[in-house]
Amino acid sequence: MDETGSGFRFDIEQILSEVQHRWLRPAEICEILRNYHKLHISSEAPAKPVSGSVFLFDRKVLRYFRKDGHNWRKKKDGKTVKEAHEKLKVGSVDMLHCYYAHGEENENFQRRSYWLLEQDLMHIVFVHYLEVKGSKASTSSARNSDGVLNSGMDGSVSSTFCGTGPSSPLSSAYEDGESDGNQQARSKFCPYPESPQAV
């Protein structure tokens, strides 16, 4: 685990459980993007990722990371995906670009793409898929196309940080420090093109 000057503790296990039921805070996203070299960068776009899935991409390597198989709400031209844009702050400083899209069939299913405003790091993109209910994220369990349970509020089911594999730098860097304790929530790091699966 890393300690940063901002006092934020980069705890990948905690983040893995949080992505299942809420959007991450700008400070958490900044830490992920700044520590991208410790994590696995996906080399191809996912195929219909489920709610709670997150990915890291390098826009210089994978230009079409948004081609994920989902049908997103379109602009009036009927061709271009309608994405809203905001700049997010950490404290009082603009830090992140955030682009978000809503599902065409299910407007509660959303995709948010984030990257830092810092010139040296703006090529790294963090993408989060989540089904929300009104202004709050969904707390119900979701099953992927294989019927595998992917999320839950009690923390006892698997979390999915997609785009990473069990032997990736992400799991080896963070599981070493966690191997002594008994963890209730288990995480599955799933490489693509395979589908997310429970542990």
Side-chain angles (χ1 to χ4, degrees), residues 2 4 8 10-13 15-16 18-20 23-75 79-88 90 94-103 109-130 144-145 150 159-176 187-197:
D2 276 341
T4 64
F8 178 77
F10 188 63
D11 183 348
I12 197 64
E13 291 296 325
I15 289 173
L16 286 169
E18 297 290 325
V19 300
Q20 297 295 313
W23 298 113
L24 296 181
R25 294 173 188 92
E28 293 168 321
I29 297 163
C30 285
E31 286 302 311
I32 289 170
L33 291 169
R34 285 195 178 115
N35 288 285
Y36 79 92
H37 57 279
K38 297 178 183 179
L39 308 171
H40 177 79
I41 305 246
S42 298
S43 59
E44 55 187 68
K48 291 211 172 192
V50 297
S51 179
S53 298
V54 296
F55 302 88
L56 278 174
F57 300 105
D58 184 333
R59 292 190 301 165
K60 292 178 180 176
V61 174
L62 184 63
R63 183 175 177 189
Y64 299 106
F65 64 88
R66 291 179 175 101
K67 292 196 181 254
D68 54 20
H70 285 294
N71 190 17
W72 301 104
R73 196 177 300 158
K74 306 283 191 287
K75 291 182 179 179
K79 297 177 184 176
T80 311
V81 171
K82 183 179 182 179
E83 282 190 307
H85 173 258
E86 292 182 19
K87 286 185 179 176
L88 303 180
V90 175
D94 283 341
M95 295 296 288
L96 293 166
H97 285 289
C98 176
Y99 287 84
Y100 53 97
H102 294 80
F109 186 64
Q110 298 177 20
R111 175 186 68 206
R112 293 188 182 180
S113 304
Y114 307 89
W115 57 87
L116 290 166
L117 294 171
E118 295 173 39
Q119 191 68 32
D120 294 345
L121 295 172
M122 66 186 321
H123 62 287
I124 303 298
V125 182
F126 177 75
V127 181
H128 187 180
Y129 296 85
L130 195 64
N144 68 13
S145 59
N150 283 310
S159 299
T160 305
F161 193 112
C162 295
T164 57
S167 61
S168 74
L170 174 65
S171 59
S172 62
Y174 289 100
E175 288 178 356
D176 288 347
S187 61
K188 171 67 176 177
F189 305 103
C190 58
Y192 268 85
E194 298 172 10
S195 297
Q197 298 178 18

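- Atom CD in Glu44 sits 9.5 Å away from atom CZ in Phe57 (nearest 0.5 Å).
- Contact detail for Ala101 and Trp72: the closest heavy-atom pair is O-CZ3, 3.8 Å.
- Within the 4.5 Å cutoff, the side chain of Leu117 has heavy atoms near those of the His97 side chain.
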- Check step by step if side-chain contact (heavy atoms from CB on, under 4.5 Å) holds for Tyr114 and Leu24. CA-CA 11 Å; Tyr114 307 89; Leu24 296 181; over 6 Å; no
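- Classified by interplanar angle (parallel below 30°, tilted 30° to 60°, perpendicular above 60°), the ring pair Tyr129/Phe109 is parallel.
- The backbone N or O of Thr80 sits nowhere less than 3.5 Å from a side-chain atom of Lys82 that would complete a donor-acceptor pair.
- Between the side chain of His128 and the backbone N or O of Val19, at least one donor-acceptor pair lies under 3.5 Å.
- Between Phe126 and Cys30, every side-chain heavy-atom pair lies at or beyond the 4.5 Å cut-off.
- A distance of 11.0 Å separates OG of Ser113 from NE2 of His85, quoted to the nearest 0.5 Å.
- Contact record, Gly52 with Gln20: O-NE2, 3.4 Å, taken as the closest heavy-atom pair.
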- Message: Quick one, Ile29 with Leu116, criterion side-chain contact (heavy atoms from CB on, under 4.5 Å). Give me CA distance, side-chain angles, the key distance, then yes/no.
- Response: CA-CA 9 Å; Ile29 297 163; Leu116 290 166; over 6 Å; no
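- Shortest non-hydrogen contact noted between Asn71 and Lys74 is OD1-NZ, 3.0 Å.
- By the 30° and 60° cut-offs, the orientation of the rings of Tyr100 relative to His102 is perpendicular.
- In terms of heavy-atom proximity, His70 sits nearest to Pro49 at NE2-O, 2.8 Å.
- One distance of note links CD1 of Ile124 with NE2 of His37; it measures 11.0 Å at 0.5 Å rounding.
- Within the structure, salt bridge (charged side-chain N to carboxylate O under 4.0 Å, His left out) contacts touching residues 51-68 (residues at least two apart or in different chains) are Arg66-Glu83, Asp68-Arg111.
- Minimum heavy-atom separation, Leu62 to Ser42: CD2-O, 4.4 Å.
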- Would Leu96 and Leu33 satisfy side-chain contact (heavy atoms from CB on, under 4.5 Å), going step by step from the backbone distance to the final call? CA-CA 10 Å; Leu96 293 166; Leu33 291 169; 3.7 Å; yes
- Query: Checking side-chain contact (heavy atoms from CB on, under 4.5 Å) for the pair Gln110/Leu130: CA distance, chi angles, key distance, verdict?
  - Reply: CA-CA 5 Å; Gln110 298 177 20; Leu130 195 64; 5.8 Å; no
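- Distance CG/Asp94 to CD/Glu86: 11.0 Å, rounded to 0.5 Å.
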